[in-house]
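What follows is a single structure, written as structure tokens, with notes after it.
Naming convention: chains lettered A, B, ... in sequence-line order (proteins, then strands); numbering from 1 in each chain. Since the model is a prediction, treat every value here as computed from it, not as a measurement.
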Number of protein chains: 4
Amino acid sequence: MPKIVDERMREATRRRIIREAASEFARLGFDAANINTIAEQAGIGKGTIYLYFENKRDLFLSMLRFIAQEHIAAIRSTLAATDNLQKRLEHLFRAFVRLAFEESDSFNVYMSALYGVNRAFKDEATRLMRDYIAIIALILEEGQTNGELHCDDIEAAALMVLSLTESYVLSARVLGQTEQEINQQARRVVQLILHGLSTPVS
Amino acid sequence: MPKIVDERMREATRRRIIREAASEFARLGFDAANINTIAEQAGIGKGTIYLYFENKRDLFLSMLRFIAQEHIAAIRSTLAATDNLQKRLEHLFRAFVRLAFEESDSFNVYMSALYGVNRAFKDEATRLMRDYIAIIALILEEGQTNGELHCDDIEAAALMVLSLTESYVLSARVLGQTEQEINQQARRVVQLILHGLSTPVS
Amino acid sequence: MPKIVDERMREATRRRIIREAASEFARLGFDAANINTIAEQAGIGKGTIYLYFENKRDLFLSMLRFIAQEHIAAIRSTLAATDNLQKRLEHLFRAFVRLAFEESDSFNVYMSALYGVNRAFKDEATRLMRDYIAIIALILEEGQTNGELHCDDIEAAALMVLSLTESYVLSARVLGQTEQEINQQARRVVQLILHGLSTPVS
Amino acid sequence: MPKIVDERMREATRRRIIREAASEFARLGFDAANINTIAEQAGIGKGTIYLYFENKRDLFLSMLRFIAQEHIAAIRSTLAATDNLQKRLEHLFRAFVRLAFEESDSFNVYMSALYGVNRAFKDEATRLMRDYIAIIALILEEGQTNGELHCDDIEAAALMVLSLTESYVLSARVLGQTEQEINQQARRVVQLILHGLSTPVS
DNA sequence: GATGAATGAGACTTCATTCAT
DNA sequence: CATGAATGAAGTCTCATTCAT
């Protein structure tokens with residue numbers, strides 16, 4: 001069955017292209033990114049990319065989808081074994097921190113797609129956002145079930161939590177804070193979410 | 001005194017270029033934006049732009065600075081006459097909503113600069129972010145002075161407020177909510193800031 | 001004797017490739033025609049074509065030869081059973097009409113080879129033209145033998161007859177006339193050949 | 001008035017591009033022709049062509065129109081001062097001979113457009129054909145007026161004359177005859193037109 | 001023999017920038 | 001100062017051909 005080997009090779013190559021594409025797109029943005037460079041980095045011929053992706057746009061979109069799956073998986077896995085709401089939200093925060101620093105390529109690509117100008121890219125990035133919100137809403141609902149929280153609009157609350165969590169991480173990073181420094185803010189941010197600004201970080 | 005008239009003309013042309021540049025850059029992003037189109041829209045010759053700006057990059061940067069000033073002014077003016085902390089934060093939120101919808105061009109440009117890949121653009125956008133934070137820090141400090149708030153790290157708090165406020169507006173917009181719908185969330189968002197999630201919107 | 005079967009298979013495949021090549025070349029011209037498409041249409045693998053033909057050029061040339069044989073056979077068969085010169089020339093004309101409409105693919109390919117730019121293609125097409133002329137010369141000679149015609153330079157006459165006959169058909173088709181309309185001109189054209197313009201079509 | 005100079009320069013450059021384009025297209029055909037080469041030959045930058053023509057297709061079409069005008073002018077001028085029908089038709093024939101040899105580039109381009117596969121090119125070439133027919137029809141009508149000819153369908157007759165004249169020249173050239181040799185056939189061809197094959201060339 | 005994945009040369013076209021007018 | 005014609009670098013994508021399976 002050479003088919004399986006081929007299938008595997010094919011998938012491996014696809015992954016390699018996507019990985020290099022993410023790096024190139026993150027470094028230069030969609031327009032300035034160079035298909036030739038991506039091919040070179042992936043160790044394949046210029047034309048070969050077009051055997052795996054329709055065109056540059058398709059490559060970008062496929063890469064975006066791949067990244068989204070990875071991120072969602074990363075976020076999900078983080079939350080798996082935790083118990084109380086405070087802890088869960090802190091884990092969520094730390095998951096974003098880790099992504100922002102260790103997968104900064106894909107995070108940058110995702111953000112530029114979200115706030116960029118290409119409608120299709122934006123739509124794909126928005127889909128990831130909805131997935132995030134769904135996960136957070138689930139956390140909040142369980143918190144409500146456990147009596148840790150009383151909240152009349154879970155959707156809005158989830159959006160607020162996402163905005164605060166993700167955006168704080170990104171902004172802090174942009175302002176030059178290190179991964180460690182930001183991680184240390186986890187409790188404070190969750191305090192804000194649960195009890196508001198005035199509450200001191202005990 | 002023809003000098004003054006010339007100066008005025010020059011400044012007016014500069015403004016016109018920047019305005020059209022903002023529209024074009026917002027529509028297409030930095031790379032895909034076309035200098036020719038900008039010149040045409042501004043009613044000047046193709047080469048004339050280079051009498052006002054070094055090159056495309058410089059034009060983008062200048063536009064970014066101009067936008068930043070406008071935004072800061074818009075945010076500042078909104079907060080001028082208000083008194084209590086809750087109100088002030090709600091006004092801040094609404095100011096962001098207005099910018100996100102009525103100056104969506106410049107807002108998009110700003111966001112793509114912030115999360116984009118060009119270091120110089122990012123730096124400029126970051127400077128705007130610091131200005132936002134300074135304004136918010138001021139508000140919070142006055143709130144503390146007035147006993148409306150107790151907060152041990154004003155800087156971190158300001159960053160949280162900015163993240164939540166701005167990011168909520170943008171995310172909600174991206175998710176398809178209307179200006180009105182988002183505005184109605186003002187109180188809820190400020191409630192979260194001041195008292196945390198559990199507090200019901202009274 | 002598997003050899004014969006294989007030979008037959010091989011020949012059949014060759015024919016199939018040539019048939020599809022004719023269609024593709026007629027549709028797109030030599031350069032724009034796509035080897036892949038031809039292979040697909042012929043129901044074989046992309047690489048297989050190169051087991052039958054050296055390269056694209058060779059395929060085109062082989063196809064041209066095949067077409068030429070078919071055309072000559074078509075023209076010959078048409079003239080087989082006819083008797084008097086007038087009739088024979090009319091049949092010739094109608095044979096061209098039929099080819100131009102029912103084998104328009106190959107006719108177009110032939111014309112573009114004849115007036116195209118590739119020397120080798122042109123030579124091949126010229127060979128077909130010589131065959132046509134030989135056939136027409138034969139007709140004229142028999143006409144002369146039968147006393148239906150007096151003509152001092154058969155070669156030149158044959159070329160004139162070919163030019164008029166074939167070119168009239170093609171031009172009329174290009175100008176939008178239908179197969180029927182052109183067929184109805186058969187007598188008129190032959191009248192011109194035999195008696196000149198002034199003679200009315202009786 | 002630098003405008004006039006500019007206008008002249010512009011027109012001169014346009015002509016130069018078209019001339020080189022004709023040569024390149026005649027040499028290689030539409031697809032294989034190279035825009036870069038044309039630019040080089042015309043002594044201008046690669047991008048400059050696109051200031052004069054939309055794209056390759058537009059360049060080809062413009063060149064085709066230019067050629068058509070030149071040919072029509074050439075044919076017309078030839079017929080200007082002649083008197084009797086026989087002479088006129090001989091002049092027409094010789095005009096085609098001259099074009100086929102001295103403007104062989106444009107003639108080849110025209111024929112490949114006429115029998116090629118691109119609809120737009122074909123349409124343009126067909127327009128030239130109609131112009132030819134109109135001119136010939138005029139000649140025949142005057143011949144009829146002068147009693148040199150009796151002919152019930154001038155249009156069909158004109159098409160026959162064109163087919164025979166032009167196609168004879170082209171076919172003879174393709175068969176390797178020289179300009180002189182073909183020119184010597186002028187009388188014979190016109191004899192055929194006027195009196196049919198049997199009439200000896202007196 | 002048959003296949004089709006991989007290759008890379010090559011072409012069109014765009015557009016920021018320059019510079020003569 | 002203003003202009004816009006000219007430039008040419010650079011990039012995406014196609015496709016004939018090869019070769020390992």
Side-chain angles (χ1 to χ4, degrees), chain A residues 2-3 5-6 9-10 13 28 31-40 42-59, chain B residues 6 9-10 13 28 30-40 43-60, chain C residues 6 9-10 13 28 30-40 43-59, chain D residues 1-3 5-6 9-10 13 28 31-40 42-59:
Chain A
K3 198 64 185 297
V5 175
D6 276 7
M9 285 283 275
R10 215 186 138 70
T13 303
L28 297 170
D31 288 291
N34 186 323
I35 289 278
N36 287 14
T37 306
I38 295 175
E40 262 174 49
I44 58 173
K46 215 189 314 182
T48 309
I49 282 193
Y50 293 90
L51 298 177
Y52 290 84
F53 304 93
E54 288 271 335
N55 48 36
K56 198 183 188 183
R57 190 177 158 284
D58 179 37
L59 170 57
Chain B
D6 278 15
M9 284 285 276
R10 214 185 139 69
T13 302
L28 297 170
F30 178 77
D31 288 290
N34 188 324
I35 290 277
N36 280 20
T37 308
I38 295 174
E40 260 176 51
I44 59 171
K46 209 186 319 180
T48 309
I49 283 192
Y50 291 87
L51 298 175
Y52 291 83
F53 303 94
E54 285 271 335
N55 48 34
K56 198 185 189 181
R57 191 177 155 286
D58 179 38
L59 170 56
F60 189 86
Chain C
D6 279 15
M9 284 284 277
R10 215 185 139 69
T13 302
L28 297 170
F30 179 77
D31 288 289
N34 188 323
I35 290 277
N36 280 19
T37 307
I38 295 174
E40 260 176 51
I44 59 172
K46 209 185 318 179
T48 309
I49 284 193
Y50 291 88
L51 298 176
Y52 291 82
F53 304 93
E54 285 272 334
N55 48 35
K56 198 184 190 184
R57 190 176 155 285
D58 179 37
L59 169 57
Chain D
M1 276 187 292
K3 198 63 185 295
V5 174
D6 276 9
M9 284 284 274
R10 215 186 138 70
T13 302
L28 296 170
D31 289 291
N34 187 323
I35 290 277
N36 286 15
T37 306
I38 295 174
E40 261 174 48
I44 58 173
K46 216 187 313 184
T48 309
I49 282 193
Y50 292 89
L51 297 177
Y52 291 84
F53 304 93
E54 287 271 335
N55 47 37
K56 197 183 188 183
R57 190 177 159 284
D58 179 37
L59 170 56

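- For E:dA11, neither phosphate oxygen OP1 nor OP2 lies less than 4.0 angstrom from any side-chain nitrogen or oxygen of D:Asn36.
- Taking atom CE of A:Met9 as the reference point, atom P of F:dT21 lies 9 Å away to the nearest angstrom.
- To the nearest 0.5 Å, atoms CG (B:Asn34) and CD (B:Glu40) are separated by 8.5 Å.
- Among all heavy-atom pairs drawn from C:Ala33 and C:Leu28, the shortest one is N-CB, 3.8 Å.
- Judged by distance alone, the side chain of A:Lys46 and the main-chain N or O of A:Ile35 form no donor-acceptor pair under 3.5 Å.
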Pairs counted as Watson-Crick or G-U wobble with both distances under 3.5 Å: what dot-bracket string results for DNA chain E, using | for bases tied to another strand?
.||||||||||||||||||||
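- In this structure, the CD1 atom of A:Ile35 is 21 Å from the P atom of E:dA11, given to the nearest Å.
- For B:Asp58, the side chain to side chain contact (heavy atoms under 4.5 Å, CB included) criterion is met by B:Phe53, B:Glu54, B:Asn55, B:Ser62, not counting sequence neighbours.
- Listed by chain and number, the residues in a side chain to side chain contact (heavy atoms under 4.5 Å, CB included) with B:Thr48 are B:Ile44, B:Leu51, B:Tyr52 (sequence neighbours excluded).
- Within residues 45-55 of chain B, the residues approached by DNA chain F to less than 4.0 Å at the level of any non-hydrogen atom are B:Gly45, B:Lys46, B:Gly47, B:Thr48, B:Leu51, B:Tyr52, in residue-number order.
- Backbone-only engagement by C:Ala33 is indicated by non-hydrogen atom pairs under 4.0 Å involving sugar-phosphate atoms exclusively.
- Nucleotide E:dA16 holds its P atom 11 Å from the CG atom of B:Leu28, rounded to whole Å.
- Within the structure, a side-chain polar atom (N or O) of D:Asn34 is placed less than 4.0 Å from OP1 or OP2 of E:dC12.
- Note: CD (D:Glu40) to P (E:dC12) measures 12 Å, nearest angstrom.
- Summarising the geometry, the separation between CG on D:Asp58 and P on E:dT13 is reported as 10 Å, rounded to the nearest angstrom.
- The ring-ring contact (aromatic ring centres under 6.0 Å, His included) search around B:Phe30 returns B:Phe25, B:Phe60, B:Phe121, not counting sequence neighbours.
- If you check every strand for non-hydrogen atoms under 4.0 Å, D:Ala39 touches nothing.
- Position along DNA chain F of the nearest nucleotide to A:Ala32 versus B:Thr13 favours B:Thr13 as the more 5'-ward residue.
- Straight-line distance from the CZ atom of C:Phe30 to the P atom of F:dC15: 13 Å, rounded to whole Å.
- Considering every non-hydrogen atom in both C:Gly45 and C:Ala39, the closest pair reads O-CB, 3.8 Å.
- Remark: P of F:dA10 and CG of A:Asp31 are 17 Å apart, rounded to the nearest angstrom.
- Here E:dC15 presents its P atom at 16 Å from CG of B:Leu59, a figure rounded to the nearest Å.
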